[in-house]
S.K.: 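Sending over a structure as structure tokens; questions will come in a sec.
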Amino acid sequence: VTRFGAGAAMAGLVLSTAGLVAHWRSVALVGMGVLVMLLGSLVFVAHRPRLALDRAVEPPRVEKGRPAIAVVHVTNKSRRSLPPLAIEQRLGGTPIRAMLPRLRKGEEGLRTYRLPTARRGVYDIGPVEIPRADPFGLCRTVQTMGEAQRIAVHPRLLAMHPLPTG
């Protein structure tokens with residue numbers, strides 16, 4: 001439950017209680033409506049997509065500024081179609097977002113995207129996270145899949161030509 005959801009729950013309880021105590025039917029109904037909406041949001045967020053996800057980073061060692069690609073292979077394990085899903089992961093402290101395609105029952109999908117390599121260093125790429133939130137912003141959950149991987153961004157190598165002698 002988000003902070004906004006917790007505030008809505010408190011407001012719903014206060015309105016319901018005040019409406020019932022003061023015999024204000026409309027205020028009590030508004031409070032109960034907010035509580036029912038919060039309950040529906042919890043049910044919506046609790047349903048997690050059933051899928052198998054595997055991510056590979058190619059190459060694991062790359063020159064600064066050269067492309068590095070993350071390849072995500074996903075399989076729908078549920079009995080229904082899955083809508084397009086947003087995935088997130090962190091490269092160091094930088095969030096990287098991508099969209100997975102719509103998948104029918106048992107269907108497999110492949111998604112590739114570039115990883116930023118503008119700065120040198122060894123970076124951990126966090127596990128893939130699938131955030132899920134209700135449309136009202138009352139509840140949010142994150143499903144974590146896969147393992148962290150490491151990518152090394154090293155300085156650019158320059159070809160050195162020998163100096164002429166003589």
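Predicted model only: the values in this text are computed from it and were never measured.
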S.K.: Please tabulate, one pair per line, all N/O donor-acceptor pairs under 3.5 Å involving side-chain atoms of residues 49-67, not counting sequence neighbours.
M.R.:
from, atom 1, to, atom 2, distance (Å)
Arg50, NH2, Lys77, O, 3.3
Arg55, NE, Gln149, OE1, 3.0
Arg55, NH1, Gln89, OE1, 2.7
Arg55, NH1, Gly126, O, 2.8
Arg55, NH2, Ile125, O, 3.4
Arg55, NH2, Gly126, O, 3.1
Arg55, NH2, Glu147, O, 3.0

S.K.: Please say whether more than 12 non-hydrogen atoms of neighbouring residues, nucleotides or ligands are located less than 6.0 Å from CE in Met10.
M.R.: no

S.K.: Give a yes or no on whether the backbone of Leu138 and the side-chain of Ser41 come within a donor-acceptor separation of less than 3.5 Å.
M.R.: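 No; zero donor-acceptor contacts below 3.5 Å.
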
S.K.: What do you reckon, is CZ of Arg119 surrounded by more than 12 foreign heavy atoms closer than 6.0 Å?
M.R.: no

S.K.: Has Asn76 got a side-chain atom pairing as donor or acceptor with Arg104's backbone, closer than 3.5 angstrom?
M.R.: yes

S.K.: Which pairs would a plain distance check flag for residues 14-32, meaning a side-chain donor or acceptor within less than 3.5 Å of a matching protein atom at least two apart in sequence or in another chain?
M.R.:
from, atom 1, to, atom 2, distance (Å)
Ser16, OG, Gly12, O, 2.8
Ser16, OG, Met32, N, 3.1
Thr17, OG1, Leu13, O, 2.8

S.K.: Val122 vs Ile151, test: side chain to side chain contact (heavy atoms under 4.5 Å, CB included). Steps then yes/no.
M.R.: CA-CA 6 Å; Val122 178; Ile151 184 171; over 6 Å; no

S.K.: Between Arg150 and Asp124, which heavy-atom pair has the shortest distance, and what is it?
M.R.: NE-OD1, 2.9 Å

S.K.: Run the side chain to side chain contact (heavy atoms under 4.5 Å, CB included) check on Leu115 and Ile69 step by step: do they pass?
M.R.: CA-CA 6 Å; Leu115 298 172; Ile69 305 292; over 6 Å; no

S.K.: Does NZ or CZ of Arg132 come closer than 6.0 Å to the centre of the six-membered ring of Phe44, within 45° of the ring's axis?
M.R.: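 The answer is yes, since Arg132 meets both limits relative to Phe44.
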
S.K.: Show the nearest heavy-atom pair for residues Ala9 and Leu38, with the distance to one decimal.
M.R.: CB-CD2, 3.4 Å

S.K.: Taking atom OH of Tyr113 as the centre, report whether more than 12 heavy atoms of other residues, nucleotides or ligands fall under 6.0 Å from it.
M.R.: yes

S.K.: Can you list the residues that meet the side-chain hydrogen bond (donor to acceptor under 3.5 Å, both in side chains) rule with Thr144, with sequence neighbours excluded?
M.R.: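 side-chain hydrogen bond (donor to acceptor under 3.5 Å, both in side chains) list for Thr144, sorted by chain: empty.
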
S.K.: Can you name the nearest heavy-atom pair linking Ile96 to Pro116, along with the distance?
M.R.: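 Smallest heavy-atom distance, with atoms named: CD1-CD, 3.8 Å.
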
S.K.: I'd like to know if the side chain of Arg111 reaches the main chain of Met99, judged simply by a donor and an acceptor atom lying under 3.5 Å from each other, with no hydrogens or angles considered.
M.R.: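 Looks like yes, one N/O pair under 3.5 Å.
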
S.K.: Would you check, one step at a time, whether the test side chain to side chain contact (heavy atoms under 4.5 Å, CB included) holds for Ser78 with Lys105?
M.R.: CA-CA 6 Å; Ser78 69; Lys105 176 178 119 178; over 6 Å; no

S.K.: Testing the basics here: between Thr75 and Gly106, what is the closest heavy-atom pair and its distance to 0.1 Å?
M.R.: CG2-O, 4.3 Å

